[in-house]
Asker: 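Before I ask anything, let me first share the structure, which is written out below as structure tokens.
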Amino acid sequence: MLSESRLARLFQAIADELRSCEIPLITKYFSETYRGPIGADDLRAVVHGYGDTDAAGAERLKHTMDGTGQASHSGGEQPDSGHPAVHEAQPQDQRDAPLIVADELERIHSSGVRARWERLALAESPHREFEAWMTSPTEGPLPPLSPDSGLTCWEMLLWAGARNNVISHAKLHRMYAQLAEFRRTGMLSWPLKRDLLPHEVRRYIPGDSANLPPQRGDVIMWGNGAHVAMATGRTAPDGAPEVYSFWPPPKHPVPRSEAMVTDAVQITSIDELERVVNPPHRRPPREILFGRGPW
């Protein structure tokens, strides 16, 4: 059964990614994904504004999927994931963006490539090629990952999204316009939480059995960017949600320098990272938020 929370996230994805002006494309997406016809009028009823939904239209759309309110995926449905359960066999332009980014991070991890983790600092760095690409007014070739390419933890997620065309250069350029002001004045007031988690946000409390676990592709953020990772959708050996992370810890200690070459993507867990981001002496601890990223 398609739960209300999953349905809401599905509508959010439609509204944010395809917009109401592309009704034929949305109709084609639903017809192929859910094996059933979707009327354009129903879609217009639920896709408008910026993620707003019409209750009656939503109900019509839910029952159009297969006549019962169930989505008919060939490989089964992940419980309340908010994303298509089977994505390997779908064309890339029909898979959900968070899954595409998660798959890219899995590929990077499997490749063993290393990259330069670098703090966001006032002084410009010659290694920050991806930042230069984002802040450039024109889009050129995406710089590759390498031990010479400096990125922050969250920029690794943005790089993976840009490489797979689920986030545009124009959107990243707008996001990073605030960084130019930081470089110029030394003052940074960046609503990173708003930029990286622009949709519904949930809180994760370590050790709380009532937690709803992040789904594959969810962005996970400590504080306002103390660290940012992405959920794999799996459970780690320590029982906590498993994540993709670009940061020296937990494999290495927190570096004292501004940069360090390390694995481009580690697979670790929220609890392992929590012990580094929120050590016992830190009060109050940084909250952990998660949700769909800026795709």
Asker: Atom NZ in Lys251, atom CD in Glu272: separation rounded to 0.5 Å?
Answerer: 12.5 Å
Asker: Which is it for Arg216 and Thr232 under the side chain to side chain contact (heavy atoms under 4.5 Å, CB included) test, yes or no, and what are the steps along the way?
Answerer: CA-CA 5 Å; Arg216 180 170 178 81; Thr232 71; 4.2 Å; yes
Asker: Among Glu287, Glu274, His227, find the one that has a side chain to side chain donor-acceptor pair (under 3.5 Å) with Trp222.
Answerer: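 Answer after filtering Glu287, Glu274, His227: Glu274.
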Asker: Does some side-chain heavy atom of Leu212 sit less than 4.5 Å from a side-chain heavy atom of Tyr204?
Answerer: no
Asker: Do Leu158 and Pro294 have side chains that get closer than 4.5 Å, going by heavy atoms?
Answerer: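 Touching, per the 4.5 Å side-chain cut-off.
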Asker: Return yes if some donor-acceptor pair links the side-chain N/O of Asp218 with the main-chain N/O of Phe290 below 3.5 Å, else return no.
Answerer: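 Between the backbone of Phe290 and the side chain of Asp218 there is no qualifying donor-acceptor contact (under 3.5 Å).
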Asker: Can you tell me if His127 uses its side chain to pair, donor with acceptor, with the backbone of Arg116 under 3.5 Å?
Answerer: no
Asker: So, do Leu151 and Leu145 sit near enough that their side-chain heavy atoms are less than 4.5 Å apart?
Answerer: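 They are in contact (side-chain heavy atoms under 4.5 Å apart), so the answer is yes.
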Asker: Side chains of Pro126 and Asp148: closer than 4.5 Å at any heavy-atom pair?
Answerer: no
Asker: Between atom CD1 of Ile167 and atom CD1 of Ile100, what is the distance when rounded to the nearest 0.5 Å?
Answerer: 12.5 Å
Asker: Is there a donor-acceptor pair under 3.5 Å between the side chain of Gln215 and the backbone N or O of Pro213?
Answerer: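 Confirmed, Gln215 side chain pairs with Pro213 backbone.
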Asker: Would you find a donor on one side and an acceptor on the other, under 3.5 Å apart, between the side chain of Gln178 and the backbone of Met175?
Answerer: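 Yes; at least one donor-acceptor contact below 3.5 Å.
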Asker: Could you give the distance from CG (Asn224) to CZ (Arg194), rounded to the nearest 0.5 Å?
Answerer: 10.5 Å
Asker: Would you give the length of the straight line joining atom CE of Met230 to atom CG of Leu105, rounded to the nearest 0.5 angstrom?
Answerer: 6.0 Å
Asker: Could you give me the CA-CA distance, side-chain angles and deciding distance for Leu289 and Ile220, then say whether side chain to side chain contact (heavy atoms under 4.5 Å, CB included) is met?
Answerer: CA-CA 6 Å; Leu289 301 176; Ile220 302 164; over 6 Å; no
Asker: On a heavy-atom basis, which atom in Thr268 and which in Ser245 lie closest, and how many Å separate them?
Answerer: CG2-CB, 4.0 Å
Asker: Indicate yes or no: at least one non-hydrogen side-chain atom of Leu120 is less than 4.5 angstrom from one of Trp154.
Answerer: yes
Asker: Same cluster or not: are Met156 and Val261 linked, directly or through other Ile, Leu, Val, Met, Phe, Trp or Tyr residues, by side-chain heavy atoms under 4.5 angstrom apart?
Answerer: no
Asker: Kindly say whether Trp133 contributes a backbone atom to a donor-acceptor pair with the side chain of Ser136 at under 3.5 angstrom?
Answerer: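 Judged by distance alone, no pair lies under 3.5 Å.
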Asker: Quick one, Glu139 with Lys171, criterion salt bridge (Lys or Arg N to Asp or Glu O under 4.0 Å). Give me CA distance, side-chain angles, the key distance, then yes/no.
Answerer: CA-CA 11 Å; Glu139 180 179 357; Lys171 185 170 185 176; over 6 Å; no
Asker: Would you say the side-chain atoms of Arg234 pair up with the backbone N or O of Ala231, donor to acceptor, closer than 3.5 Å?
Answerer: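 No, the answer is negative, given that no donor and acceptor are paired below the 3.5 Å cut-off.
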Asker: Might you work through the side chain to side chain contact (heavy atoms under 4.5 Å, CB included) test for Ile288 and Met221, ending with a clear yes or no?
Answerer: CA-CA 6 Å; Ile288 306 174; Met221 175 182 286; over 6 Å; no
Asker: Looking at every non-hydrogen atom in both residues, tell me the closest pair between Leu192 and Gly225 and how far apart they are.
Answerer: CD2-CA, 3.8 Å
Asker: Could you walk me through whether Phe246 and Ile108 pass side chain to side chain contact (heavy atoms under 4.5 Å, CB included), step by step?
Answerer: CA-CA 11 Å; Phe246 176 52; Ile108 295 170; over 6 Å; no
Asker: Would you confirm whether Asp208, through its side chain, and Ile205, through its main-chain N or O, come within 3.5 Å as a donor-acceptor pair?
Answerer: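 Here the side-chain-to-backbone pair does not exist.
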Asker: Show the nearest heavy-atom pair for residues His252 and Thr262, with the distance to one decimal.
Answerer: CD2-OG1, 3.7 Å
Asker: So do the side chains of Trp117 and Pro248 get within less than 4.5 Å of each other, counting heavy atoms only?
Answerer: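 In short, these two side chains touch, coming nearer than 4.5 Å.
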Asker: How far apart are the closest heavy atoms of Gly161 and Val101, and which atoms are they?
Answerer: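 Residues Gly161 and Val101, closest heavy atoms: CA-CG2, 3.9 Å.
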Asker: Rounded to the nearest 0.5 Å, what separation is found between the CG atom of Asp103 and the CZ atom of Arg107?
Answerer: 11.0 Å
Asker: Which pair of heavy atoms, one from Pro206 and one from Asp271, lies closest together, and at what distance?
Answerer: CB-OD1, 4.0 Å
Asker: Could you tell me if Tyr176 and Glu131 have a donor-acceptor pair between their side chains, going purely by distance under 3.5 Å?
Answerer: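 Distance-only check fails for Glu131 and Tyr176.
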Asker: Taking side chain as C-beta onward, heavy atoms only, is Leu142 less than 4.5 Å from Met134?
Answerer: no
Asker: Would you say CZ of Arg256 has more than 12 non-hydrogen atoms from neighbouring residues, nucleotides or ligands within 6.0 angstrom?
Answerer: no
Asker: Looking only at atom types and distance, does a side-chain atom of Arg286 sit under 3.5 Å from a main-chain N or O of Val277, one as donor and one as acceptor?
Answerer: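 Side chain of Arg286 to backbone of Val277: a pair is present.
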Asker: Could you walk me through whether Tyr244 and Gln266 pass the side chain to side chain donor-acceptor pair (under 3.5 Å) test, one step at a time?
Answerer: CA-CA 6 Å; Tyr244 301 112; Gln266 288 189 55; over 6 Å; no
Asker: Do Glu242 side-chain atoms and Ile267 backbone N/O form a donor-acceptor pair below 3.5 Å?
Answerer: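 No, because the side chain of Glu242 does not come within donor-acceptor range (under 3.5 Å) of the backbone of Ile267.
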Asker: Please give me the minimum heavy-atom distance between Gly293 and Val219, naming the atom from each residue.
Answerer: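 Looking at all heavy atoms of both residues, the shortest contact is CA-CG2, 3.6 Å.
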Asker: Only one of Leu157, Asn164, Val265, Leu99 passes side chain to side chain contact (heavy atoms under 4.5 Å, CB included) with Glu104; say which it is.
Answerer: Asn164
Asker: Once you round to the nearest 0.5 Å, how far does CG of Leu273 lie from CH2 of Trp247?
Answerer: 6.5 Å
Asker: Please check this pair: side chain of Trp159 against backbone of Pro143, looking for a donor-acceptor N/O pair closer than 3.5 Å.
Answerer: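 Yes, Trp159 side chain to Pro143 backbone: donor-acceptor pair under 3.5 Å.
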